[in-house]
Participant: 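Shown below is the structure under consideration.
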Amino acid sequence: MKFSVKSWSKGGSRAGVVHVGSCSLETPALLLTTRKGLPAFIPPDHLSSLPTPDSRLFQISPLHFVEGISSKAISDMGGLHQMLGLKEHVFVANPRDSIISLPEYQSTNKMGASFETPCGRLLIKPAQYMEMISSLKPNIWATLADEVPAWVSEKRNRTSVDRSLRWLDDCLKSAVAYNTGGAVFGSIVGGSKIDERKRCAQEVAKRNVSGFCIGGFGLGESIDERPALLSAITECLPEDKPRQICGLGLPEEILQGVAAGMDLFESTYIYHLTLGGFALTFPTEKIGRHDPGDQLHDTVRDGTKINLKATIYRKDTSPILVGCKCYTCQNHTKAYMNHLFNVHEMLAQILLEIHNTHHYLGFFRKIRDAIKGGTFEDFYQKFVETRRNHIVAAALSA
């Protein structure tokens, strides 16, 4: 893996390029959430309809493969790329998955990290985790970490940093570490304590890692305290290595992370929107320009998304978003999508995830363009203001 920064903004955001195998991806970039290596709803034969190469960056959790096919069988096949037939895609492995593999800090101990999964509560030890990584052979993998929520005591927070650093060394020294074939990202934790975040970042930066995975966010900290935490971390990290962050998924959170100098984003936002029947509609060309039909008193819209299950779309023969180039908008209407959801047809989630993924990848593309053009701060401010105005107007009209 190779990474280089191409552009900087005034506030610290940056645009770069990461080369992984034969794939070159511009950053900031979105890691598409997967379940056992594939998006939750989009079948493999429809992946080609998504923008490339942006859509080839997949986030996986090794814990998804604990139940079912054995690690040895996956290894014998040649790893995840061979098993899924996605040889051109980039897989980024992280034990945490914000959908079904959540860290359980109260059960974590000095032996390993605990996670709540569909298989029950699992205690994953560094050696066991490295065996998983060795069999899956992802392009990039993050070391095992003890992630804790913002409200834990200082002692517990300090312990989580100590454990994460010890497990980082255990992973790097593992007998199978050199058989993974992937780049190692050192995990950085520290909860909501700036001192612990700095300490962890400084120690991880001393190790022989290719990049950094910043965890522990989205676990109870307020959006107002994040900038100081992120700034404390990035000050301790070298500029020539990529930074991945977990737990920030909303558009405003993504922009907050980009402003702090993050490069790769793990997000379950698309999954949760699709599951709820919501389609992204916020403008990516010019912030502040909206569909004339997007009335503020319309309770099924909020300026960023629409609820396709609402009866208002039962006879709406327009696409989800006029001008959108995704497969769904080019071939189907809101009325058809409304019908699919109302009859509980599986195709509803497939088509909607295609649209939402296409749209969110477009959002990241506009972020990169804004950084390169030196207008990111203006882009960020206008997006947040437009979103806030819609929320206020909706509250006043309720």
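Below, all heavy atoms of this structure are taken into account, side chains as well, without hydrogens, waters or symmetry copies.
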Participant: Using only atom types and a distance under 3.5 Å, with no angle test, would you say the side chain of N157 pairs donor to acceptor with the backbone of S153?
Facilitator: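 No, N157 side chain to S153 backbone: no donor-acceptor pair under 3.5 Å.
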Participant: Taking only residues two or more places apart in sequence or in another chain, which ones pass salt bridge (Lys or Arg N to Asp or Glu O under 4.0 Å) with R96?
Facilitator: E147
Participant: Not counting sequence neighbours, which residues clear ring-ring contact (aromatic ring centres under 6.0 Å, His included) with F3? List them please.
Facilitator: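 So F3 forms no ring-ring contact (aromatic ring centres under 6.0 Å, His included) with any residue.
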Participant: In terms of side-chain geometry, is the basic nitrogen of D162 or R166 positioned less than 4.0 Å from the acidic oxygen of its partner?
Facilitator: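 Looking at D162 and R166, the cut-off is not met.
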Participant: Spell out, as yes or no, whether a donor-acceptor pair under 3.5 Å connects the side chain of K137 to the backbone of S134.
Facilitator: yes
Participant: Kindly assign one of parallel, tilted or perpendicular to the pair W151 and Y105, based on the angle between their ring planes and the thresholds 30° and 60°.
Facilitator: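 Ring orientation, 0 to 90° scale: perpendicular.
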Participant: Using ring-ring contact (aromatic ring centres under 6.0 Å, His included) as the criterion, list what pairs up with Y380, not counting sequence neighbours.
Facilitator: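 Checked Y380 against ring-ring contact (aromatic ring centres under 6.0 Å, His included); matches are F376.
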Participant: A quick test of your reading: do over 12 heavy atoms of other residues, nucleotides or ligands sit less than 6.0 Å from CD of Q202?
Facilitator: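 More than 12 within 6.0 Å, yes.
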Participant: Considering only NZ, NE, NH1 and NH2 on the basic side and carboxylate oxygens on the acidic side, decide whether E203 and R207 come within less than 4.0 Å.
Facilitator: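 Salt bridge flag = yes for R207 with E203.
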Participant: Salt bridge or not for D195 and R158, using N-O below 4.0 Å?
Facilitator: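 Answer for the salt bridge query: no.
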Participant: Using the ring centroid of each side chain, check whether F363 and F383 are separated by less than 6.0 Å.
Facilitator: yes
Participant: So, applying side-chain hydrogen bond (donor to acceptor under 3.5 Å, both in side chains) with E196, which one of K198, K193, R199 is it?
Facilitator: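 Passing option: R199.
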Participant: Using atom types as modelled and distance alone, determine if a side-chain donor or acceptor of S75 lies under 3.5 Å from a backbone N or O of S71.
Facilitator: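 Judged by distance alone, no pair lies under 3.5 Å.
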Participant: Checking F91 against L57 for the side chain to side chain contact (heavy atoms under 4.5 Å, CB included) test, could you report, in this order, the C-alpha distance in whole Å, the side-chain angles of both residues, the deciding distance, and whether it holds?
Facilitator: CA-CA 6 Å; F91 289 100; L57 199 56; over 6 Å; no
Participant: Parallel, tilted or perpendicular: which one describes the rings of F282 and H359, with boundaries at 30° and 60°?
Facilitator: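 Correct class here is perpendicular.
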Participant: Verify whether one side chain among E266 and T33 offers a donor that lies under 3.5 Å from an acceptor in the other.
Facilitator: no
Participant: Report the relative orientation of the aromatic rings in H89 and F58; use parallel for angles under 30°, tilted for 30 to 60°, perpendicular for over 60°.
Facilitator: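 Aromatic pair H89/F58 classed tilted.
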Participant: For I270, is there any backbone N or O sitting under 3.5 Å from a side-chain donor or acceptor partner on T274?
Facilitator: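 Confirmed, T274 side chain pairs with I270 backbone.
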Participant: Is a side-chain donor or acceptor of D263 paired with a backbone partner of P28 at a separation under 3.5 angstrom?
Facilitator: no
Participant: Considering residues, nucleotides and ligands other than E225, do more than 12 of their heavy atoms fall under 6.0 Å from its CD?
Facilitator: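 Yes, because the 6.0 Å sphere around CD of E225 holds more than 12 heavy atoms from other groups.
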Participant: Using only atom types and a distance under 3.5 Å, with no angle test, would you say the side chain of S70 pairs donor to acceptor with the backbone of A73?
Facilitator: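 Indeed, once roles are kept as given, a pair shorter than 3.5 Å links the two residues.
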Participant: Say whether T180 and W141, considering side chains only, have a donor N or O and an acceptor N or O under 3.5 Å apart.
Facilitator: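 Yes, W141 and T180 have a side-chain donor paired with an acceptor closer than 3.5 Å.
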